Protein chains: 2
Amino acid sequence: MKQSRYKTYAREGCPVEATLELFSGKGKGMILYHLLEGTLRFNELKRRVGALTQRMLTKQLRELEGYGLVHREVYAEVPPKVEYSLTDTGRSLEPILLALKDWGEEHALPRLREKQAESAICETE
Amino acid sequence: MKQSRYKTYAREGCPVEATLELFSGKGKGMILYHLLEGTLRFNELKRRVGALTQRMLTKQLRELEGYGLVHREVYAEVPPKVEYSLTDTGRSLEPILLALKDWGEEHALPRLREKQAESAICETE
DNA sequence: CCGTATCCATAGAGATACTG
DNA sequence: CAGTATCTCTATGGATACGG
């Protein structure tokens with residue numbers, strides 16, 4: 001009855017999809033990747049992540065915290081200071097994040113540039 | 001000026017996000033994962049992927065084809081026969097897919113079960 | 001067998017303004 | 001500094017039903 005070396009997972013409980021869900025939502029990949037560096041304050045993260053609105057950054061961070069991947073440390077100071085860091089579970093994603101980065105640099109980015117070249121007619125501003 | 005061993009990527013051109021975009025859309029992870037097995041016909045894929053409607057499966061496959069990750073081979077027969085397989089680029093995602101699967105089995109699935117236990121009050125049907 | 005076409009509901013995300 | 005609060009728009013995906 002051997003028909004596959006890979007286990008067949010249906011939707012409920014597919015480990016691939018379950019893991020991908022952690023990254024679903026704009027910017028989660030980037031956030032996690034930048035936190036590999038170490039602890040970052042909200043605005044440091046915001047600067048690194050670039051094109052994410054404050055609202056979105058907050059939202060994604062809360063979700064990541066909910067997953068137990070990110071730790072949020074609030075300091076009772078004025079002005080306010082909040083630091084974000086990876087939990088152990090979050091850090092265990094490092095191999096995945098680095099693999100995503102490597103693949104992207106090798107395959108995805110070159111294509112993006114092609115596409116940008118195609119549609120370079122617009123938005124030269 | 002060393003401040004990070006990791007390069008700082010803004011949104012445009014972040015390789016992590018660029019790679020993640022390939023997986024965005026319901027079922028893409030699962031589809032790619034199952035195609036690691038080898039060539040599959042539409043309905044074989046449908047069975048493995050389980051809770052994906054025909055419409056969605058078609059849509060995701062078209063997008064993956066568009067990314068150049070999946071090859072679609074149509075046979076001019078009656079009844080129709082269409083086979084899907086990974087391109088070389090698609091196959092190069094294998095390390096990522098396996099890493100996602102391994103992480104999921106170790107971390108994500110145990111949590112899912114917790115959550116399901118919590119909300120087990122509803123939908124026992 | 002392998003899809004399209006259509007309609008509809010919801011979740012995701014942008015812009016912007018305000019606050020402890 | 002580090003967030004909420006709205007309000008709006010679009011993209012995503014489910015449920016059919018039909019077609020080559």
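Values reported hereafter were calculated over all heavy atoms of this structure, with side chains retained and with hydrogens, waters and symmetry mates removed. Letters A, B, ... are given to chains in the order of the sequence lines, protein chains preceding strands, and every chain is numbered from 1. Worth saying up front: this structure is predicted, and the values here are computed from it rather than measured.
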Specify the angle, to 10°, made by the local axes at the two ends of the helix from C:dC1-D:dG20 to C:dG20-D:dC1 when five pairs are taken at each end.
-> 60°

5′-ward residue of the pair B:Glu83/A:Glu63 relative to DNA chain C = B:Glu83

Whole angstrom value for the distance that separates P of D:dG3 from CD of A:Glu44 | 13 Å

Nearest-Å distance for atom pair NZ/P, residues B:Lys46 and D:dG14 | 12 Å

A:Tyr84 side-chain N/O to D:dC1 phosphate OP1/OP2 under 4.0 Å | no

For atom NZ of A:Lys28 and atom P of C:dA13, their distance in whole Å | 7 Å

Would one find a side-chain N or O of A:Lys26 under 4.0 angstrom from OP1 or OP2 of C:dG14?
-> yes

For A:Asp102, enumerate each residue passing the side-chain contact (heavy atoms from CB on, under 4.5 Å) test, keeping only those at least two apart in sequence or located in another chain.
-> A:Glu105

When we call it a touch if two heavy atoms are under 4.0 Å apart, what does A:Gln60 touch: a base, just sugar-phosphate, or nothing?
-> sugar-phosphate

Heavy-atom closest pair (A:His34 atom, A:Leu45 atom, distance to 0.1 Å) is CB-CD1, 4.2 Å

Before accepting this row, confirm whether a basic side-chain N of the pair A:Glu44/A:Arg47 lies closer than 4.0 Å to the acidic partner's carboxylate O.
-> no

How close or far is atom P of D:dA15 from atom CG of B:Leu52, stated in whole angstroms?
-> 11 Å

Taking only N/O atoms, report every protein-nucleotides 17-20 of chain C pair under 3.5 Å with atom names and distance.
none

Is B:Tyr75 touching bases, backbone alone, or none of the nucleic acid, heavy atoms closer than 4.0 Å?
-> nothing

Check whether any side-chain nitrogen or oxygen of A:Arg72 sits under 4.0 Å from OP1 or OP2 of D:dG3, and answer yes or no.
-> yes

Residues two or more places apart in sequence or in another chain: which of them pass side chain to side chain donor-acceptor pair (under 3.5 Å) with B:Ser92?
-> A:Trp103

Sub-3.5 Å pairs of nitrogen or oxygen atoms, protein against nucleotides 5-10 of chain D:
| from | atom 1 | to | atom 2 | distance (Å) |
| --- | --- | --- | --- | --- |
| D:dT6 | O4 | A:Arg55 | NE | 3.1 |

Applying side-chain contact (heavy atoms from CB on, under 4.5 Å), name anything that partners A:Arg72, two or more places apart in sequence or on another chain.
-> A:Arg62, A:Glu65, A:Val74, A:Val82, A:Tyr84

Separation of C:dG12 C1' from B:Glu21 CD (nearest whole Å) = 14 Å

The side chain to side chain donor-acceptor pair (under 3.5 Å) partners of B:Glu83 (sequence neighbours excluded) come to B:Tyr75

For B:Val78, check side-chain contact (heavy atoms from CB on, under 4.5 Å) against everything at least two apart and list the hits.
-> none

Given D:dT4, D:dA2, C:dC2, which nucleotide is nearest the side-chain atoms of A:Arg41?
-> D:dA2

B:Arg62 has an atom CZ; how far is it from atom P of C:dC2, in whole Å?
-> 12 Å

What's the closest nucleotide to the B:Thr58 side chain, out of D:dA2, C:dC1, C:dT4?
-> C:dT4

Taking D:dG3, D:dT12, D:dG14 as options, the one with an atom nearest any side-chain atom of B:Thr53 is D:dG14

Just how far is it from atom CG of B:Leu32 to atom CG of B:Leu22, taken to the nearest 0.5 Å?
-> 8.0 Å

May I have the distance from A:Lys59 (atom NZ) to C:dA15 (atom P), rounded to whole angstrom?
-> 15 Å

In chain order, what residues pass the side chain to side chain donor-acceptor pair (under 3.5 Å) check against A:Gln54, with sequence neighbours excluded?
-> none

side-chain contact (heavy atoms from CB on, under 4.5 Å) with B:Ser24: which residues, sequence neighbours excluded?
-> none

Quick one: B:Met56 CE to C:dT4 P, roughly how many Å, whole number?
-> 12 Å

Residues at least two apart in sequence or cross-chain that pass side chain to side chain donor-acceptor pair (under 3.5 Å) with B:Lys28, listed by chain then number, are B:Gln60, B:Glu63

Are the charged groups of A:Glu37 and A:Arg48 less than 4.0 angstrom apart, N to O?
-> yes

